[in-house]
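Throughout, residue positions are numbered sequentially from 1 according to the sequence presented.
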Amino acid sequence: MSTTSTHRPAAGTGTAAGIDPRGPQFAATLTSVVLVVTLLLAPSPAAVIVLAAQAVVFAIGSLRGIQHTPYAWLFRTAVRPRLSAPTELEDPAPPRFAQTVGLVFALVGLAGFLTGLDVVGYVAVAFALVAALLNAVFRFCLGCEMYLLLKRATTGGRAARASGGRAAKAR
């Protein structure tokens with residue numbers, strides 16, 4: 001079950017205005033593996049390098065959009081051709097916000113490991129791992145839900161209801 005809004009092709013354009021919702025789930029699976037490796041290696045220089053690489057992936061997703069990350073490229077080239085067409089598309093804004101949240105946790109984790117505050121590093125990476133696992137296993141994007149709640153709070157609910165997100169459907 002996708003927790004973010006869906007989009008249909010824009011009228012008159014014939015092109016889709018969203019992303020395949022299975023892509024972010026695939027990316028969350030890879031992210032989970034990277035974060036587990038980070039926790040297994042921590043605290044060590046190798047853990048810092050692995051976490052820094054994941055922070056770069058999060059930064060690309062946050063700044064350019066999730067569809068521009070290396071994980072999205074891998075999904076497009078290796079996984080997506082083997083799947084049927086998605087029944088609906090997802091608004092890329094909530095997953096992009098989720099990438100920003102992931103980036104914050106990765107940076108906090110890096111800061112913790114680099115300054116010797118290993119507990120801070122472990123906790124930040126563990127929180128990011130829980131969020132990634134929720135998306136990978138249950139297709140529940142915690143950052144996406146945060147986006148929809150913030151959108152509803154800042155627009156009085158109009159945008160969340162119009163977007164068709166689960167948070168809006170509950171009303």
Side-chain angles (χ1 to χ4, degrees), residues 1-38 49-110 125 127-152 154-155 159-169:
M1 169 172 73
S2 179
T3 59
T4 57
S5 60
T6 58
H7 282 281
R8 307 273 184 291
T13 65
T15 59
I19 58 173
D20 186 331
R22 298 167 295 188
Q25 186 178 17
F26 175 78
T29 302
L30 296 179
T31 298
S32 297
V33 171
V34 170
L35 295 175
V36 165
V37 168
T38 299
I49 291 168
V50 171
L51 186 55
Q54 181 59 52
V56 169
V57 173
F58 282 143
I60 294 167
S62 176
L63 298 172
R64 297 202 56 222
I66 192 167
Q67 62 273 32
H68 298 286
T69 66
Y71 299 162
W73 175 84
L74 187 59
F75 177 77
R76 267 192 317 276
T77 58
V79 178
R80 176 68 184 91
R82 292 167 174 74
L83 302 174
S84 61
T87 57
E88 56 187 28
L89 298 176
E90 182 174 80
D91 179 359
R96 187 174 186 169
F97 179 82
Q99 293 288 294
T100 304
V101 174
L103 176 60
V104 169
F105 277 97
L107 292 176
V108 169
L110 280 170
V125 173
F127 279 150
L129 176 59
V130 167
L133 284 172
L134 283 171
N135 196 354
V137 175
F138 301 109
R139 282 187 68 185
F140 182 82
C141 177
L142 195 56
C144 300
E145 289 296 319
M146 289 173 49
Y147 174 87
L148 293 172
L149 289 172
L150 287 169
K151 191 78 164 167
R152 185 183 342 178
T154 60
T155 62
R161 281 193 300 275
S163 71
R166 194 179 85 176
K169 290 178 183 174

Worksheet item: Hey, are the side chains of Leu74 and Phe26 touching, using non-hydrogen atoms and a 4.5 Å cut-off?
Response: yes
Item to complete: Would you name the heavy atoms of Pro95 and Ile19 that are closest together and state the gap between them?
Response: CG-CD1, 4.2 Å
Discussion item. Tell me the closest heavy-atom pair linking Glu90 and Pro21, and the distance in Å.
Written reply: OE2-CB, 3.9 Å
Worksheet item: Got a second to check how far Leu142's CG is from Leu133's CG, nearest 0.5 Å?
Response: 12.0 Å
Discussion item. If I take atom CZ from residue Arg96 and atom SG from residue Cys144, how far apart are they, to the nearest 0.5 angstrom?
Written reply: 13.0 Å
Worksheet item: Between Arg22 and Leu83, which heavy-atom pair has the shortest distance, and what is it?
Response: NH1-CB, 3.7 Å
Worksheet entry | Whether Phe105 and Phe127 hold their rings parallel, tilted or perpendicular, with breakpoints at 30° and 60° | perpendicular
Item to complete: Flag the pair Leu134 / Cys141 as yes when at least one side-chain heavy-atom distance between them is below 4.5 Å, and no otherwise.
Response: no
Fill in: Set of residues satisfying salt bridge (charged side-chain N to carboxylate O under 4.0 Å, His left out) with respect to Arg80, sequence neighbours excluded
Asp20
Fill in: Distance-minimising heavy-atom pair for Pro24 and Asn135
O-ND2, 3.9 Å
Kindly list each side-chain donor-acceptor pair under 3.5 angstrom involving residues 52-61, sequence neighbours excluded, with atom names and distances?
from: Gln54; atom 1: OE1; to: Tyr71; atom 2: OH; distance (Å): 2.7

Practice prompt. Mind checking the OG1-CG spacing from Thr100 to Leu63? Nearest 0.5 Å is all I need.
Written response: 7.5 Å
Discussion item. On a heavy-atom basis, which atom in Phe97 and which in Met146 lie closest, and how many Å separate them?
Written reply: CE2-CB, 3.9 Å
Item to complete: Search all heavy atoms of Gly109 against all heavy atoms of Leu51 and return the closest pair with its distance.
Response: C-CD2, 3.7 Å
Worksheet item: Does atom CZ of Arg64 have more than 12 heavy-atom neighbours from other groups under 6.0 Å away?
Response: no
Worksheet entry | Set of residues satisfying side chain to side chain donor-acceptor pair (under 3.5 Å) with respect to Thr29, sequence neighbours excluded | none
